[in-house]
J.: 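First, the structure itself, so that you have it in front of you.
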Amino acid sequence: MNNIKTRFAPSPTGYLHIGGARTALFNYVYAKHNGGKFVLRIEDTDFERSEKRFEEDIIESLKWLSIIPDEETVFQSDRLSIYRSYADKLLKEDKAYYCFCSKELLEEDRNKLTSENKKPMYVGRCRELKPGEALLKTPHTIRFKVNRNTGAATGFKDLIRNQYISVNNDEIDDFVLVREDGIPTYNFAVVIDDALTGITHIIRGDDHVSNTPKQIMLYNTLGFNAPEFAHVSMILGADGKRLSKRHGATSVNQYKKEGFLPEALVNYLIRLGWSHGNDEILSMEEIIKYFDLKHISKSAAIFNTEKLLWLNSHYIKSKDPFTLIDLINDIRDDFQGALNIDIKTASLVDSLKSRAKTLVELRQKLDFFVNDAIDYKDEIFSEYSFNESNLAFLKLFRKFIEELNNEIFNCGNVDLTYKTDKENALKILKNSIESIKAGFNDFLFKNNWTMKEKAMIIRLAFSGEKVSPPIYEIIFALGKERCIQRIDKFYGCINGINNTKV
RNA sequence: GGCCCCAUAGUCUAGCGGUUAGGACGUUGCCCUCUCACGGCAGUAACACGGGUUCGAAUCCCGUUGGGGCUGCCA
């Protein structure tokens, strides 16, 4: 169709952060919506601050979010000679000039202008200089010769605001194109790369609006066609200030570590600034189908973790337990043991998934199951005073567990790892739990007890906590042996305390 | 300071001259219930202010206020 091509152009000076991820997402889905291409360009011209690990993180994080470039990644550090040739061209045409002012001198100029309440622009000391060979051997930068004092303005149409934004040329500094070390500056390299790689639409942060007129000037004098621009407003922290480390997690990898699903982050990020009617839950596929620039918000948005958490819990709930086990194992810290991929673990994950907002939280809720060393805390015994009748109940309950049909736990001796048959495993899991439920209800009924009055002591015995997954699920997951061990242990604790009292 | 941008509930937003200003998160209450959740139902809360334009403005224009960005040999 119209060959739309977008790009995400981060500098590898930090991990991929939330704002960058959203910009990348906007560019990606805009290209995809229009049947175009999306590319990644690493702007690594700041050798001081660029780091390989950040570069890798950006690429990995984008991949995790399913933002996949269509072409090979471009690195600006590979293209230095290209920028140089364009700088020479501008020099030759008298559209740029050498500047020999030292950083210290420029600093002085700036301070002076600022103290006089004037805009700190380059004073133009070297603008008309015709340097000889000798001078050229001394440190120098190359500056763009802005066409000033003509009353002319330079602007562009912003696709998000749907309006022209222009600035009087007199407001624009003779900005540096090439630094002392021969490396191009951002404004120079970005224009050359976007033009040469055929970028048609640039969706980027609001913080670039004031750079855009400079870049337009460059497009014009270099003889390139300027692309379309769309400036997305910033993401702010809860205090309304620009999002930074102070606000907690800001990098995508942190969210992964904290147990967020990529679907949730993508969904949250796309809705932060873009909308499609009243739709809240959107898959990447739907986003691509509906995405447009028209519905991108013009105002800054405050990052709200609560809503992200809500979306995350939504996506966790929608996954089957076996997938969840894989995901948990994928992000687990080294000190945490891996979860077994079996039907018993799955049964707990299945009932716990609606109780956890993150994978990390889900994993924590499984601690009582993974770890047999339950520590029955003193508070339990002070809050619930257990007596002889409780002990009698535990004895009967122990017997009930002992007498449960082994087939329930063996699940008919079927190999029930998810790898064989996930659907079937889930079905048998549910049947087993139903069997336990039926048996347990029968046990209660025969003794004229209610679930309500007996649930807590069982819960405490099995988990040591006042909050746990449902009883039936625990029985199935722990299995006979472990259930009995825990009943015995708990029985011993109560008994011990009662004896001390006497 | 200068230049640029923005403005609907606590938060994300729908709205694009006529609506009881809609949805979602959060929050509150109720229901469900073996705990905690999930779920269901109900409630709470907004057009920053002041001028215009118009028969009629959340919607269009101007100003005020507030917020944000840029003002680097960072991107």
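From a predicted model like this one, the values you see are computed outputs, not experimental measurements. Below, all heavy atoms of this structure are taken into account, side chains as well, without hydrogens, waters or symmetry copies. All chains are named by letter (A, B, ...) in the order of the sequence lines, taking the proteins before the strands, and each is independently numbered beginning at 1.
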J.: So Phe440(A) and Phe397(A), would you call those rings parallel, tilted or perpendicular, with 30° and 60° as cut-offs?
T.: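 Answer is perpendicular, since the angle exceeds 60°.
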J.: Could you please name the option among rA75(B), rC4(B), rG39(B) that lies closest to any side-chain atom of Thr185(A)?
T.: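 Side chain of Thr185(A) sits closest to rA75(B).
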J.: Pick the P atom in rA37(B) and in rC31(B), then give their distance to the nearest Å.
T.: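 Looking at atom P only, rA37(B) and rC31(B) are 15 Å apart.
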J.: Any donor-acceptor pair under 3.5 Å joining the side chain of Arg49(A) to the base of rC74(B)?
T.: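 Such a pair is found, so the answer is yes.
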J.: Can you tell which of Tyr315(A), Trp274(A), Phe303(A), Tyr255(A) makes a ring-ring contact (aromatic ring centres under 6.0 Å, His included) with Tyr268(A)?
T.: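 Single pass found, and it is Phe303(A).
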J.: Need the pair for rC38(B). Rule: Watson-Crick or G-U wobble, both distances under 3.5 Å, any strand; none if unpaired.
T.: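 Partner of rC38(B): none found under 3.5 Å.
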J.: Choose from rC70(B), rC34(B), rC73(B) the nucleotide whose nearest atom is closest to any side-chain atom of Val176(A).
T.: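 Ranking rC70(B), rC34(B), rC73(B) by closest atom to the Val176(A) side chain puts rC73(B) first.
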J.: Quick check: Tyr491(A) with Phe386(A) (ring centres under 6.0 Å apart)?
T.: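 Centroid separation for Phe386(A) and Tyr491(A): 6.0 Å or greater.
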J.: Establish, with yes or no, whether the OP1 or OP2 oxygen of rG68(B) is under 4.0 angstrom from a side-chain nitrogen or oxygen of Lys241(A).
T.: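 True: Lys241(A) side-chain N/O within range (under 4.0 Å) of rG68(B) OP1/OP2.
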J.: Considering only atom P, compute the distance from rU59(B) to rG40(B) and round it to an integer number of Å.
T.: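 Taking atom P in both rU59(B) and rG40(B), they lie 36 Å apart.
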J.: Select base, sugar-phosphate, or nothing to describe what Ile471(A) touches, counting heavy atoms under 4.0 Å on all strands.
T.: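 Base contact.
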J.: Under 4.0 Å between a side-chain N or O of Arg41(A) and OP1 or OP2 of rA75(B)?
T.: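 No, no such contact exists.
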J.: Out of rG72(B), rC74(B), rC12(B), which has the shortest distance to the side chain of Asp46(A)?
T.: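 Output: rC74(B).
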J.: Taking atom P in both rC25(B) and rU35(B), what distance in whole Å separates the two?
T.: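 Here rC25(B) and rU35(B) have their P atoms 24 Å from each other.
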J.: Which nucleotide, rA24(B), rC6(B), rG22(B), lies nearest any side-chain atom of Asn278(A)?
T.: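 Shortest atom-to-atom distance from the side chain points to rG22(B).
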J.: Does Tyr164(A) have its ring centroid less than 6.0 Å away from the ring centroid of Phe156(A)?
T.: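 Distance test on ring centres: not under 6.0 Å, no.
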J.: Classify the nucleic acid contact of Asp173(A) as base, sugar-phosphate or nothing, counting any heavy atom under 4.0 Å across all strands shown.
T.: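 Answer is nothing: Asp173(A) stays at 4.0 Å or more from every strand.
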J.: Among residues 80-90 of chain A, which contact RNA chain B at a heavy-atom distance under 4.0 Å?
T.: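 Within this stretch, nothing sits under 4.0 Å of the strand.
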J.: Starting at the 5' end of RNA chain B, which residue's closest nucleotide do you reach first, Ile183(A) or Ala455(A)?
T.: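 It is Ala455(A) whose nearest nucleotide is closer to the 5' end.
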J.: When you compare rG51(B) with rG10(B), how far apart are their C1' atoms, in angstrom units rounded to a whole number?
T.: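 Roughly 30 Å separates the two C1' atoms.
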J.: Which nucleotide, rC34(B), rA75(B), rU13(B), lies nearest any side-chain atom of Ala301(A)?
T.: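 The nucleotide sitting nearest to the side chain is rU13(B).
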J.: Under 4.0 Å from OP1 or OP2 of rG72(B): is there any side-chain N or O of Arg110(A) that close?
T.: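 For rG72(B), OP1/OP2 do have a side-chain N/O of Arg110(A) under 4.0 Å.
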J.: Starting at CZ of Phe26(A), measure out to CD1 of Ile296(A) and round the result to the nearest 0.5 Å.
T.: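 Spacing of CZ (Phe26(A)) from CD1 (Ile296(A)) equals 4.5 Å.
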J.: Rounding to the closest angstrom, what is the interatomic distance between rC12(B) and rU27(B) at atom C1'?
T.: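 Nearest-Å result for rC12(B) against rU27(B) at atom C1': 16 Å.
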J.: If I pick the C1' atom on rC73(B) and the same atom on rG68(B), what distance separates them, to the nearest angstrom?
T.: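 Between the two C1' atoms, the distance is 27 Å.
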J.: Ser468(A) side chain N/O closer than 4.0 Å to the phosphate oxygens (OP1, OP2) of rC34(B)?
T.: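 Answer is no, no contact under 4.0 Å.
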J.: Which glycosidic conformation, syn or anti, is assigned to rC38(B) if syn requires a torsion within 90° of zero?
T.: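 What rC38(B) shows is a syn base, its glycosidic angle lying within 90° of 0.
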J.: Tell me the interatomic distance from Ile296(A), atom CD1, to rA14(B), atom P, rounded to whole angstroms.
T.: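 Distance, rounded to whole Å: 11 Å.
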J.: Could you give the CG-to-C1' distance, from Asp206(A) to rC3(B), as a whole number of Å?
T.: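 Taking atom C1' of rC3(B) as the reference, CG of Asp206(A) is at 14 Å.
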J.: Would you classify Glu171(A) as touching base, sugar-phosphate or nothing, given that sugar-phosphate means primed atoms plus P, OP1 and OP2, and contacts are heavy atoms under 4.0 Å?
T.: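 Contact class for Glu171(A): sugar-phosphate only.
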J.: Considering only rU35(B), rA24(B), rU13(B), which nucleotide approaches the side chain of Trp310(A) most closely?
T.: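 Of the candidates, rA24(B) comes closest.
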J.: By nearest atom, which of the nucleotides rG23(B), rC5(B), rG2(B) is closest to the Lys119(A) side chain?
T.: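 Closest nucleotide among those given: rG2(B).
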J.: Just checking Ser11(A): base, sugar-phosphate only, or nothing, at a heavy-atom cut-off of under 4.0 Å?
T.: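 Sugar-phosphate, no base atom in range.
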J.: What integer number of Å spans the P atoms of rC61(B) and rU53(B)?
T.: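 After rounding to an integer number of Å, I get 15 Å for this pair.
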J.: With a 4.0 Å limit, can you tell me whether Gln163(A) has a side-chain N or O closer than that to the phosphate oxygens OP1/OP2 of rC5(B)?
T.: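 True: Gln163(A) side-chain N/O within range (under 4.0 Å) of rC5(B) OP1/OP2.
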J.: Give a yes or no on whether the ring-centroid distance for Phe490(A) and Tyr376(A) is below 6.0 angstrom.
T.: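 Aromatic pair counts; centres sit under 6.0 Å.
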J.: Please classify the nucleic acid contact of Leu106(A) as base, sugar-phosphate, or nothing, using heavy-atom distances under 4.0 Å.
T.: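 The residue Leu106(A) makes base contact.
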J.: Would you indicate what His295(A) reaches in the nucleic acid, counting non-hydrogen atoms under 4.0 angstrom: base, sugar-phosphate, or nothing?
T.: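 Sugar-phosphate: the residue His295(A), judged by heavy atoms under 4.0 Å, touches backbone atoms but no base.
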J.: Between the base of rC25(B) and the side chain of Glu306(A), is there a donor-acceptor distance below 3.5 Å?
T.: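 By the distance-only test, no, there is no pair.
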J.: So, OP1 or OP2 of rU35(B): does either fall under 4.0 Å of a side-chain N or O from Lys452(A)?
T.: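 True: Lys452(A) side-chain N/O within range (under 4.0 Å) of rU35(B) OP1/OP2.
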J.: Remember a base hit wins even if backbone is also touched, and classify Thr45(A) as base, sugar-phosphate or nothing at under 4.0 Å, heavy atoms.
T.: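 Touches sugar-phosphate only.
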J.: Strictly by modelled atom types, are Ser283(A) and Glu286(A) linked by a side-chain donor-acceptor pair under 3.5 Å?
T.: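 Judged by distance alone, the side chains do pair up.
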J.: Between rG29(B) and rG52(B), how far apart are the P atoms? Round to whole Å, please.
T.: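 It comes out at 46 Å once rounded to the nearest Å.
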